[in-house]
Amino acid sequence: MGKNRIPHWFLGSILFFFFLGCQPGKESPKVIQGILDLRQWNFQKDGNISLDGEWEFYWNELLPDLKSKPQPPSISYIKVPAKWDKGRNVTHKYPSHGFATYKAKVLLPESNTQLSLKISSISSSYTLFVNGKEISRGGNVGKEESEYSPGYKPGVFSFISDKPELEILIHVSNFKYSNGSGIWNPIQLGNTSDIQQISLRATMLDSITFGTLFVMSLYHFTFYLMRRRDPSALFFAVLCLCIALRVSFYGERIFYNVFPIFKNYEFSVRGEILFLFLLLPGTILYVQSIFKEQFKKDRVFNITFYLSILLVFSAAFFPTKLFTMSFFINSLELMMLGILTYLFFRLAFMSLKRVEGARICFFSLVVNLITVANDVLYLNKFIDSFYMVPYGVLALVLSQCVLLASRFSKGFVLAEDLGEELKKLNINLEQIVVERTENLNESLKLLKGDLSLAKKLQQKTLPTLNLNGKNVSIHPYYLPMSEIGGDYYDIFELEPGYFRLFLVDATGHGVQAALLTMTIKAEFESIKFAKAQPSRILELLNTACCQKYKSINIIFSAVLADIDLNNNVLYYSSAGHPPQVLKQKQEGADYLYSRGPIIGLKKEATYKNVTVPLLPGNRIFFFSDGIFEEFDQEKKEFGESRVLSILSRNTGIQEVAEDLISELQIFVGPRGFQDDVTLLAVEVH
């Protein structure tokens, strides 16, 4: 089969509905100028007959029984079924609100025959008389709105004709419904058993349609509750429910004799129109959920949707006289016609492009258009057929059920396939995990070995001093955050009685920071013995780092201090390092401030010297910023004030230093240090 050829099943379905609606039948007699001649009609063989044709019509008249009063001199005729104010077959249109009398005479083949009339709905109140006897009443017919009350009363009404003719008189009044008055639907006449059979079949069809749609609605709503990612099931459930409720309020009005509220005119009309108006936005939401890529941002759909919401609002809240006006009904018809035409061409194009689900939606749309066309032609007596819209609705629902089921089925199949693949992966997953774990353990073992060696090498680079016989004691504490750190210090005796102390805090942590400290150490080694002020040493170091390592952007803070015990003086300079602590008095300690830029930021940076006199018993504490900037579990900082308070204690210098380290470890808790910690405690004797 070619790519663009119409499938045989699609063409066959269209031809089936076409020929089904065009079956020839026996020509039925019509009411002509108020008289229907059935003298040659056999109800047993020929079946029932619709009382269609030209009925006598008396505007603003409620005629009594023709036996008691002579026939009015002036007679007009009106087509039945038709609305007296809007019917296409009505030559003279009357006001929507008013009252009138319909009259027809039926000539029967014999007398004493038990017959029945089937009436669907008459707008909006009526009284039916046959041969002068009242047979049925819907609402209360009145000449004024105050005397009138609307009401539906569909059904089959039986009687026995005691003579070979029937005089049918129908009083009708309407002061409530604004979109048509009079006898809308055909009135059928026939044997009681046949008429009851027709009514039963119609009621069964409506009941089956309602039940099918209602069950479909519950099913798809339940499915949506279990899988909310796809809204198409929800919108389809809402659409099915709207159609089901519309069926219950229209046609045979299947709940009229079951629930008393359905006999309330206001409730029935509002429900009938409301669920009719809800069909348009429900259809739009459903189509958009099925074809998200094609219709989600479609302007025609979105504009029509918001306009249809206004119609729904009018049916829900406006008075009956307003929301039943022709403007609202005609607006819905125009929008529905426009959206169906637009959807017809879009789905046809999408079907040619083989978009998933487009063909079945296009097929159901064509079937519904055919059934609607059949009913329009049948109502206007262009063809002899029967009402097919209910079958079209069922075909629509069933086709969409097939579409949704196919989508859900594909989802389940995909889930099953993925489940099978997952099982296969799980079978191999344990072996893969074992192999990967072994590889990772080997790599981790090598890494730990490398870090252990790096730690030993870094420890070897730290100085060891023999200060026996010297007038100074220095106690270093180095606690890297991990195996190796980014802090580095150097202490050496430049000449007898003259000590130089250098402390560095490189940016970062771990291996990267440790490599930076090795580079800094190498540069410092070339200038550390220069007999110059600490500020000058820092300037030389900054220049070298800016020139040699500009591309890798080496940045670090540092402090350089010279302790001259010969002259009892401390020379101190800082490069972006936090203030250090000097304890000269018994009662407390103070910070040493010397501001200067971090090394590596600015090539022409200059630094300042601070000169402090020293006395026996003075203590100097040099440390990295990890002392200040450690945090506890609640993100509170250890802080400068806490550091100064601990270092102000008058116990031994080693005890003070160890107290600071111990309290810092307790403060950070089990999480450990977040930065490298270095402390150099110096005491002059």
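Within the 6.0 Å centre-distance limit, the rings of F344 and F362 are counted as a close aromatic pair. Ring pair F323/F328: centre-to-centre distance not below 6.0 Å. Centroid-to-centroid, the aromatic rings of W84 and F99 stay 6.0 Å apart or farther. For Y94 and F57, the ring centers sit closer than 6.0 Å to each other. For F262 and Y152, the distance between ring centers is not under 6.0 angstrom. In summary, the aromatic rings of F345 and F349 are positioned with their centroids too far apart to meet the 6.0 Å limit.
Checked against S96 for a side chain to side chain donor-acceptor pair (under 3.5 Å), the options D85, N179, N174, T324 give a single hit: D85. Checking each of N140, L62, V141, T101 against S173 for a side chain to side chain contact (heavy atoms under 4.5 Å, CB included) leaves exactly one that passes, namely V141. Just one residue in the list E252, Q188, Q196 forms a side chain to side chain donor-acceptor pair (under 3.5 Å) with K118, and that residue is E252.
Considering every non-hydrogen atom in both Y148 and K176, the closest pair reads OH-CB, 3.2 Å. Nearest heavy atom pair, residue V172 against residue S123, reads CG1-O, 3.3 Å. Across P81 and D52, no two heavy atoms sit closer than the pair CD-OD1, 3.4 Å. Taking both residues in full, the closest heavy atoms of S116 and T192 are given as OG-OG1, 2.8 Å, listed atom of the first, atom of the second, then distance. When all heavy atoms of F291 and M350 are compared, the pair lying nearest together is CD2-CE, 3.5 Å. Across all their heavy atoms, P109 and F43 have their closest contact at CD-CE1, 4.5 Å.
In this structure the side chain of L107 never reaches within 4.5 angstrom of the side chain of L38, judged on heavy atoms. Residues S124 and Y265 have side chains in contact (heavy-atom distance under 4.5 Å, counting atoms from C-beta outward). A 4.5 Å side-chain heavy-atom check between L347 and L365 finds at least one atom pair inside the cut-off. Side-chain contact between T304 and L280: present, with at least one pair of heavy atoms (C-beta onward) separated by less than 4.5 Å. Put simply, the side chain of L274 does not reach to within 4.5 Å of the side chain of F277, judged on heavy atoms. Contact of the C361 side chain with the F363 side chain is not registered, since no non-hydrogen atoms from C-beta on lie closer than 4.5 Å. Contact check for V31 versus V80: no side-chain heavy atoms found under the 4.5 Å cut-off. Looking at L128 and L117, their side chains come closer than 4.5 Å, going by heavy atoms from C-beta outward.
Heavy atoms of other residues, nucleotides or ligands lying less than 6.0 angstrom from CZ of F221 number 12 at most. In this structure, F267 places its CZ atom where more than 12 heavy-atom neighbours from other residues, nucleotides or ligands lie under 6.0 Å away. Taking a 6.0 Å sphere around CZ of F214, one finds it holds 12 or fewer heavy atoms contributed by other residues, nucleotides or ligands. More than 12 heavy atoms of other residues, nucleotides or ligands lie within 6.0 Å of OH in Y342, so this atom counts as buried by the packing criterion.
How far CD1 of I49 is from OG of S28: 5.0 Å, rounded to the nearest 0.5 Å. Expressed to the nearest 0.5 Å, how far CZ of F210 lies from CG of L205 amounts to 14.0 Å. Atoms CG and CG, from L278 and L241 in turn, are 9.5 Å apart once rounded to the nearest 0.5 Å.
By the 6.0 Å and 45° rule, R246 stacks over the aromatic ring of Y250. Figure legend: K103 and W55 shown without cation-pi pairing, the cationic atom not lying both under 6.0 angstrom from the six-membered ring centre and within 45 degrees of its axis. The cationic atom of K153 (NZ for Lys, CZ for Arg) does not lie both less than 6.0 Å from the six-membered ring centre of Y256 and within 45° of the ring axis.
Remark: E293 does not engage K296 in a salt bridge, criterion side-chain N to carboxylate O under 4.0 Å. Taking a cutoff of 4.0 Å between a charged side-chain nitrogen and a carboxylate oxygen, R253 and E272 qualify as a salt bridge. Note on R39 versus D37: salt bridge recorded, some NZ/NE/NH1/NH2 to OD/OE distance being below 4.0 Å.
Among residue pairs with one or both ends in residues 320-346, those qualifying as salt bridge (Lys or Arg N to Asp or Glu O under 4.0 Å) are E145-K321, D298-R346; sequence neighbours excluded. Sorted by first then second residue, the ring pair (Phe, Tyr, Trp, His ring centres under 6.0 Å) pairs that include residues 113-133, not counting sequence neighbours, are F129-H171.
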Starting from the C-alpha separation in whole Å, work towards a yes-or-no answer on salt bridge (charged side-chain N to carboxylate O under 4.0 Å, His left out) for K143 and E61. CA-CA 9 Å; K143 296 183 178 181; E61 293 285 346; over 6 Å; no

I'd like to know whether E56 forms a side chain to side chain donor-acceptor pair (under 3.5 Å) with Y58, so could you lay out the CA-CA distance, the side-chain angles of the two residues, the decisive distance to 0.1 Å, and finally the verdict. CA-CA 7 Å; E56 294 182 16; Y58 302 92; 2.4 Å; yes

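With no hydrogens or angles considered, a side-chain donor-acceptor pair links E266 and T320 at under 3.5 Å. The closest side-chain donor-acceptor pair between D162 and S111, if any, does not fall under 3.5 angstrom. For the residue pair Y224/S232, the side-chain donor-acceptor check at 3.5 Å is not satisfied.
Judged by distance alone, with hydrogens and angles left aside, the side-chain atoms of W59 form no donor-acceptor pair with the main-chain N or O of S76 at under 3.5 Å. In this structure, N42 contributes its side chain and Q44 its backbone to a donor-acceptor pair below 3.5 Å. No donor-acceptor pair closer than 3.5 Å links the side chain of S199 to the backbone N or O of I195.
Using the six-membered ring where Trp is involved, F318 and F313 have ring planes that are perpendicular, over 60° apart on the 30 and 60° scheme.
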